[in-house]
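Please read all numbers here as calculations on a predicted model, not as lab measurements. All chains are named by letter (A, B, ...) in the order of the sequence lines, taking the proteins before the strands, and each is independently numbered beginning at 1.
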2 protein chains.
Amino acid sequence: MNKEGKHTVAVVDDHSLFAGSLEKLINSFPNFKVLFHAKNGLELKDLINEGEKLPDIILLDINMPIMNGFETAEWIMENHPKIKILALSMEDDEQTILKMLRKGAKGYLLKDIHPEILNTALNELIEKGFYHSEKVSETLLHSISPNEEGIIMDFKENELIFLQLACSEMTYKEIADVMDLSPKTIDGYRQDLFKRLKIKNRVGLVIFALKKNLIKI
Amino acid sequence: MNKEGKHTVAVVDDHSLFAGSLEKLINSFPNFKVLFHAKNGLELKDLINEGEKLPDIILLDINMPIMNGFETAEWIMENHPKIKILALSMEDDEQTILKMLRKGAKGYLLKDIHPEILNTALNELIEKGFYHSEKVSETLLHSISPNEEGIIMDFKENELIFLQLACSEMTYKEIADVMDLSPKTIDGYRQDLFKRLKIKNRVGLVIFALKKNLIKI
DNA sequence: TTATTTAAGGGGTTTTTCCCTGTTTATTTG
DNA sequence: CAAATAAACAGGGAAAAACCCCTTAAATAA
């Protein structure tokens with residue numbers, strides 16, 4: 001909250017044109033004002049470390065060069081956990097949304113923003129502490145809750161990476177190398193996934209991943 | 001050629017309604033006349049064995065119960081190789097077309113028949129001995145000739161069955177059982193395919209099969 | 001402090017993958 | 001027609017990879 005009684009928002013987004021109009025839009029809301037703007041996570045870090053006032057909310061784009069939304073969210077939550085992160089992204093797939101929320105984002109918006117939706121999101125973020133659009137809530141419910149076969153589709157970070165690499169022609173040894181983990185750990189992921197997904201071998205894994213859109217061919 | 005100077009056609013098709021209008025259509029062509037109609041390969045066999053006059057052309061549907069188009073074509077070629085088979089099918093995938101032509105079909109038509117196309121096909125069958133629509137020719141050329149990576153996509157019967165089974169969660173031992181072949185033979189298919197398709201393991205096989213529409217998920 | 005999670009190791013069986021050889025059956029071709 | 005050639009099928013043997021169960025250490029969360 002600034003001296004005018006408005007809640008402050010920092011915008012972290014690479015697309016300067018888009019970010020510019022976004023700033024004007026936010027400033028037009030009665031309860032909000034843009035505090036500052038950063039082109040990526042690194043710039044945000046610098047600005048905050050240089051003593052900028054802390055915003056109440058950070059509008060955070062996921063797809064940025066240098067320091068992306070995931071890393072940035074991680075840093076924010078570690079250093080300034082009171083700031084509420086509203087994630088912005090063009091991706092609407094379950095895993096991206098899940099990952100962002102796991103990193104600590106309190107809300108998730110797809111990038112084709114309608115002014116009223118952004119206003120609602122910001123207000124709910126202040127009032128309730130979180131905002132979820134119907135679409136995102138639905139996606140989350142669908143993805144985390146067990147499906148028809150009782151399979152829980154909530155993958156952890158490394159699990160998902162393993163799963164996707166296992167859908168390539170790499171051996172488990174090679175996967176262990178690129179993930180910088182022991183082959184034994186990789187084997188643990190494998191066993192756990194095979195049990196949970198009720199599959200018999202790697203072919204089953206590929207088929208599962210395709211059905212659930214976890215990989216594309 | 002019958003007494004009226006018309007070429008004779010036998011229709012082998014399960015869909016009696018469709019076959020009925022097909023007969024009328026063929027009889028309306030100046031050069032052709034339907035000799036008889038059979039609902040499946042077995043009926044055709046019986047009719048021919050009972051001494052029916054042999055048709056010049058057999059219009060053969062692939063998807064039939066009892067004795068399908070492939071088996072029927074095989075029998076026709078073994079017993080009456082002079083008869084020209086024109087295959088009819090809703091399937092337009094490369095492997096089905098290839099298989100039918102390998103069985104001896106002289107032409108291949110997709111089932112949404114335009115009267116002029118059928119007339120052309122029958123006439124070319126008599127004149128040239130074969131008929132290939134542009135679409136089928138193209139498909140064939142594309143499938144048999146080496147593609148960008150020099151991979152020859154012309155699979156033999158058993159090879160294709162193996163390939164498709166290998167895209168399931170079955171072990172090679174299980175595949176050998178259902179195909180009633182030695183595990184060593186199956187291993188031979190595997191080695192040959194891996195080399196030809198330039199893949200490293202079963203995951204590669206699944207990905208290849210999906211890209212080339214040899215399996216569906 | 002007690003669970004839970006994450007990473008990793010021990011040790012074993014089965015499956016896959018590879019290469020090379022041999023037999024039988026078609027298919028060419030001299 | 002017989003001889004050469006190609007193909008489909010099958011075996012031996014072996015190394016690598018995949019698969020499976022069970023335990024443990026460290027870090028985290030409850």
Worksheet item: Is there a side-chain polar atom (N or O) of A/Arg202 under 4.0 Å from OP1 or OP2 of D/dA18?
Response: yes
Item to complete: Could you identify which residues of residues 69-76 of chain A place a heavy atom less than 4.0 Å from some atom of DNA chain C, listed by residue number, or say none?
Response: none
Fill in: Start and end of chain A contact along DNA chain C [non-hydrogen atoms, under 4.0 Å]
C/dT6 to C/dG11
Worksheet item: Is B/Glu159 salt-bridged to B/Arg196, cutoff N-O under 4.0 Å?
Response: yes
Item to complete: Using atom NZ of A/Lys195 as one end and atom C1' of D/dC19 as the other, report the distance to the nearest whole Å.
Response: 11 Å
Worksheet item: Does A/Glu127 use its side chain to pair, donor to acceptor, with the backbone of A/Glu124 at less than 3.5 Å?
Response: no
Side chains of residues 62-71 of chain B: which donor-acceptor pairs under 3.5 Å do they make with residues two or more places apart or in other chains?
residue, atom, partner, partner atom, Å
B/Asn68, OD1, B/Phe70, N, 2.9
B/Asn68, OD1, B/Glu71, N, 3.0
B/Asn68, ND2, B/Glu71, OE2, 3.4

Practice prompt. Using a cut-off of strictly less than 4.0 Å, decide whether B/Asn201 has a side-chain nitrogen or oxygen near OP1 or OP2 of D/dA16.
Written response: no
Response to the item:
In whole angstroms, the gap separating P of D/dA7 from CD of B/Glu159 amounts to 11 Å
Worksheet item: Within 45° of the axis and under 6.0 Å from the centre of the six-membered ring of B/Phe194, does NZ or CZ of B/Arg190 qualify?
Response: yes
Discussion item. Under the ring pair (Phe, Tyr, Trp, His ring centres under 6.0 Å) definition, can you give me all pairs with a residue in residues 73-98 of chain A, not counting sequence neighbours?
Written reply: A/Trp75-A/His80
Practice prompt. Measure from CG on A/Leu205 to C1' on D/dA18 and round the result to the nearest Å.
Written response: 13 Å
Worksheet item: Do any of residues 162-187 of chain B sit with a heavy atom less than 4.0 Å from DNA chain D, and if so which?
Response: B/Leu181, B/Ser182, B/Lys184, B/Thr185
Check nucleotides 27-29 of chain D against the protein and report each pair of N or O atoms closer than 3.5 Å, with its distance, or say if there are none.
none

Worksheet entry | Within-4.5 Å side-chain heavy-atom neighbours: A/Leu59 and A/Asp13 | no
Response to the item:
Heavy-atom nearest pair, B/Leu86 first then B/Tyr108, reads CD1-N, 3.8 Å
Worksheet item: Expressed in angstrom and rounded to an integer, what is the separation of A/Gln191 atom CD from D/dA18 atom C1'?
Response: 11 Å
Worksheet entry | By salt bridge (Lys or Arg N to Asp or Glu O under 4.0 Å) - contacts of A/Arg202 (at least two apart) | none
Response to the item:
Between NZ of B/Lys156 and P of D/dC9 the distance, given in whole Å, is 11 Å
Item to complete: Please examine the side chains of A/Ile76 and A/Leu44, heavy atoms only from C-beta on, and report whether any two atoms are closer than 4.5 Å.
Response: yes
Item to complete: Could I get the full list of side chain to side chain contact (heavy atoms under 4.5 Å, CB included) partners for A/Leu35, not counting sequence neighbours?
Response: A/Thr8, A/Lys53, A/Pro55
Response to the item:
Residues at least two apart in sequence or cross-chain that pass side chain to side chain donor-acceptor pair (under 3.5 Å) with A/Tyr172, listed by chain then number, are none
Item to complete: Using whole Å, report how far CG of B/Leu193 lies from C1' of D/dC9.
Response: 15 Å
Worksheet entry | A/Asp192 CG - D/dA18 C1' separation (whole Å) | 17 Å
Worksheet, complete the sentence: Output for pair (B/Leu193 CG, B/Ile199 CD1), nearest 0.5 Å, gives 7.0 Å
Practice prompt. Under the side chain to side chain donor-acceptor pair (under 3.5 Å) rule, collect the residues that match up with A/Glu169, sequence neighbours excluded.
Written response: none
Discussion item. How bent is the helix from C/dT1-D/dA30 to C/dG30-D/dC1, measuring the angle between the end axes built from five pairs each, rounded to 10°?
Written reply: 40°
Worksheet, complete the sentence: Across all chains, not counting sequence neighbours, the side chain to side chain donor-acceptor pair (under 3.5 Å) partners of A/Asn119 are A/Asn123
Discussion item. When you measure from the side chain of B/Asn49 to the backbone of B/Lys45, do you find a donor-acceptor pair of N or O atoms at a distance under 3.5 Å?
Written reply: yes
Practice prompt. With the side chain counted from C-beta on, respond yes when A/Lys84 and A/Leu125 share a heavy-atom pair under 4.5 Å apart, and no when they do not.
Written response: yes
